[in-house]
Amino acid sequence: MMSGGKKRKVDTEGRQFQEKWTEEFFFILHNGKPICLLCNESISVMKEFNIKRHYSTKHATLHSLTGQLRTDKIQKLTANVEKQQQMFHKQRTQLDNVVKASFIVSSKLAKALKPFAEGEFIKECMLEVCSILCPEKKNEFEKISLSRRTVVRRIEMMANDIKTTLTDRMAGFESFSIALDESTDLSDTAQLAIFIRGVDKEFTVTEELLALQPLKGTTTGEDIFIEVQKVFTSFGLPWSKLIGVCTDGAPSMVGLRKGFIGILNEKATELNVQKDDMIVLHCIIHQQNLCSKSIRLQNVMNVVVKTINFIRSRGLNHRQFKAFLDEISAEYNDVTYYCEVRWLSKGKMLKRFYELRNEIADFMKIKDKPLSELSDPKWICDLAFLVDLTGYLNDLNLKLQKQGQLVNDLYSHLKAFQIKLRLWESQMLSGNSYHFNTLSAYENIAYAQYAEELKLLSEQFSNRFSDFKNMEDCFSLFATPTKCNVQNAPIHLQMELIEIQENSLLKSKFEDVELCDFYKKYLEEDNFPQLRKFARRLICAFGSTYKCEQFFSLMKVNKSTHRTRLTDDNLENSLRLCISGINPNIDGLVSQIQAQVSH
């Protein structure tokens, strides 16, 4: 019985197109295949025998065409083929550009938090502008599809592309942390925002929205844990690399038994979570805001809020007040409302009220509602003190909101403010109001009273932030590894810290470069593996849920009273595209789909 030989594969024989075939048989090479210039047929196998047979059987009449006439014929046919291919390429490019324009406009709509249906309005505007500036291009603009359905699909594709890129990045995370917060949208659906910050082996930090999970029923700690677990599973995130959780401090988040943190600790062994090393923090901005509420002097706040409500809650009063300010050329044209949930509004309201106090007093007299307090020196001093103090609290709040800060930076701002509070208290007790610019303009200041207020506020700051204080040694070691006390450092870091502190070159570099760059570029993985691991944990830790708060502000704009039927998926896709630092690969998306012109 004959053994079966190996089957020949033509594509492995290395056959190449020969230039002489063009002259002899009217064939050229196009896209890897020999193409006949006379009939545009292609030959599957690049063999001279096959090409010659095609020429002899179908174009034998051209044997008599020789010399320059044959050459001219070949050049003319070749030029026609190239022209035809250029036309096809140009048409394909134009269609791709039409689709790309659709993606770009859809992206702009999502980032501007505009309704999907406005794509059609934008197209109308573009056509009107085009008909004036470049009427010859109007046909191209008409092909751009910007219907509501198309915009939704485009946004979904771009959001999915961002998720794919994020998933690829997360696969390289050495460690990561999450920030959790929950808010109710206008359709009364509780939305759980989950942000992730991770760092890879090369200290590249990625901070992105991980997911927006709707909670249709209850919002207990168990419900939140189930949703987080679903997200981790869908993205393939290992619980073992989770090093930190930051929340708003609500019982459903931090409850020791039924809160998210309590359930996480209970299931730590099952999920392979290192709960002893977990960095669990209550949002530092939220805690600072809670401390601010301890300020008393309600005699000032009650009068200010009542007066502003009288002016602004009645349309006629408000119009007359603004007209009055305009008539006397006041520095400001209105007062500002106070909203308790807005962190900065109290300080801004008090400052504006103080700066318009004379104008407000005159207006209230006109309305037959005179404010006796505005002529009381003691009350004015109380107001001035509050203006200065809330101004300092607002400054602290803005520092804590600043993007790109590490958790130790946030704690440094907090410690500095606590030191300032103690300084102000001691100075007030000695009759010194130098740092309170508004207050220092007055006489007969109640120094003892204001010192007591500062003491109370200082005690509030001392009683809170225990989670950050417990990590103070870690923050100090991370920020100053060249100066920390090695004996007080964790035992697994001591040998590497000694190496740094006795290396003069590393010590000089530490002073010259950014902190993260020092760990990334100058501490090699082979020599300092434990310190690099320690640094990654603190670099990726969230110190506040400010990203979540920002996100919910955008969510309320996006899902407004005019868009309450916006689906959860479309809401998440739009917001992901709006806030993501990852740019979708629009060219790649265009190449994946067939262009469909607008009808």
Side-chain angles (χ1 to χ4, degrees), residues 288-289 291-312 321 324-325 328 330-340 342-365 369-399 416-461:
Q288 183 251 329
N289 192 46
C291 291
S292 302
K293 292 181 178 180
S294 67
I295 301 174
R296 294 174 296 186
L297 296 176
Q298 286 303 310
N299 60 314
V300 174
M301 284 300 299
N302 291 340
V303 172
V304 172
V305 172
K306 183 179 179 181
T307 303
I308 290 177
N309 286 343
F310 172 79
I311 293 173
R312 294 205 55 164
F321 180 70
F324 174 70
L325 294 179
I328 63 176
E331 183 178 358
Y332 301 101
N333 60 6
D334 204 355
V335 289
T336 58
Y337 259 132
Y338 169 52
C339 179
E340 190 171 358
R342 295 186 180 274
W343 293 325
L344 306 178
S345 69
K346 184 176 182 178
K348 290 180 178 179
M349 175 199 67
L350 288 168
K351 184 175 178 62
R352 179 66 58 85
F353 185 93
Y354 177 81
E355 291 172 339
L356 289 174
R357 63 192 184 282
N358 295 326
E359 291 84 349
I360 291 173
D362 293 341
F363 179 77
M364 296 301 284
K365 288 178 182 177
K369 297 279 186 179
L371 286 177
S372 58
E373 289 84 357
L374 288 174
S375 58
D376 180 359
K378 174 64 173 63
W379 192 90
I380 291 293
C381 280
D382 290 348
L383 173 62
F385 172 75
L386 269 184
V387 168
D388 289 329
L389 184 55
T390 54
Y392 282 126
L393 288 167
N394 280 5
D395 290 342
L396 172 61
N397 198 290
L398 289 172
K399 288 178 182 178
F417 188 77
Q418 288 180 288
I419 295 172
K420 291 176 184 177
L421 279 176
R422 291 193 289 271
L423 173 67
W424 297 334
E425 180 190 349
S426 65
Q427 288 179 337
M428 281 290 180
L429 286 173
S430 61
N432 182 354
S433 61
Y434 176 83
H435 295 290
F436 288 73
N437 296 330
T438 309
L439 177 64
S440 60
Y442 296 94
E443 298 178 353
N444 300 320
I445 298 173
Y447 291 107
Q449 179 188 355
Y450 301 147
E452 186 63 25
E453 289 292 338
L454 291 169
K455 179 181 179 182
L456 178 63
L457 184 60
S458 180
E459 289 174 353
Q460 283 292 317
F461 272 85

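- When every heavy atom of Trp379 is checked against every heavy atom of Val300, the shortest pair comes out as NE1-CA, 3.7 Å.
- Atom CD of Glu459 and atom CG of Leu454 lie 11.5 Å apart (nearest 0.5 Å).
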Going through the distances and angles, do Gln460 and Lys293 end up as a side chain to side chain contact (heavy atoms under 4.5 Å, CB included)? CA-CA 10 Å; Gln460 283 292 317; Lys293 292 181 178 180; over 6 Å; no

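- Side-chain contact check for Glu359 versus Glu331: every heavy-atom pair is 4.5 Å or farther apart.
- Here Lys369 contributes atom NZ and Phe310 contributes atom CZ; the two are 6.0 Å apart, rounded to the nearest 0.5 Å.
- Atoms OH and CG, from Tyr447 and Leu439 in turn, are 7.0 Å apart once rounded to the nearest 0.5 Å.
- Separation of the Trp424 and Tyr450 ring centroids does not fall under the 6.0 Å cut-off.
- Atoms NZ and CG, from Lys351 and Leu383 in turn, are 11.0 Å apart once rounded to the nearest 0.5 Å.
- Heavy-atom minimum distance, Arg312 versus Thr336: NH1-CA, 3.9 Å.
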Which is it for Leu371 and Arg357 under the side chain to side chain contact (heavy atoms under 4.5 Å, CB included) test, yes or no, and what are the steps along the way? CA-CA 10 Å; Leu371 286 177; Arg357 63 192 184 282; over 6 Å; no

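- Smallest separation of non-hydrogen atoms from Gln288 and Leu393: NE2-O, 3.4 Å.
- The shortest side-chain heavy-atom distance between Lys399 and Phe417 does not fall under the 4.5 Å cut-off.
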For Phe321 and Val335, what are the C-alpha separation, side-chain angles and deciding distance, and is it a side chain to side chain contact (heavy atoms under 4.5 Å, CB included)? CA-CA 9 Å; Phe321 180 70; Val335 289; 4.0 Å; yes

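- Across all non-hydrogen atoms, the minimal contact from Asn333 to Leu325 is C-CD1, 3.5 Å.
- Within the 4.5 Å cutoff, the side chain of Met349 has no heavy atoms near those of the Thr390 side chain.
- In this structure, CG in Leu457 is found 5.0 Å from CG in Leu421, a value given to the nearest 0.5 Å.
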Can you list the steps and then say if Ile328 with Asp362 is a side chain to side chain contact (heavy atoms under 4.5 Å, CB included)? CA-CA 11 Å; Ile328 63 176; Asp362 293 341; 5.9 Å; no

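- Side-chain contact between Met301 and Leu350 is present, with heavy atoms from C-beta onward closer than 4.5 Å.
- The backbone N or O of Phe461 lies less than 3.5 Å from a partner atom in the side chain of Gln418, making a donor-acceptor pair.
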Salt bridge (charged side-chain N to carboxylate O under 4.0 Å, His left out), that's the test. Do Lys378 and Asp382 meet it? Break it down for me. CA-CA 6 Å; Lys378 174 64 173 63; Asp382 290 348; 2.9 Å; yes

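- In terms of heavy-atom proximity, Ile445 sits nearest to Ser440 at CD1-CA, 4.4 Å.
- Of all heavy-atom pairs spanning Asp334 and Leu356, the tightest one is O-CD1, 3.6 Å.
- Here the OG atom belonging to Ser433 is positioned 5.5 Å from the CE atom belonging to Met428, to the nearest 0.5 angstrom.
- At most 12 heavy atoms of other shown residues, nucleotides or ligands fall within 6.0 angstrom of atom CD in Glu443.
- Under the 30°/60° scheme for interplanar angles, the aromatic rings of Phe436 and Phe385 are found to lie parallel.
- Contact annotation: the side chain of Tyr332 approaches that of Glu355 to within less than 4.5 Å [non-hydrogen atoms, C-beta and beyond].
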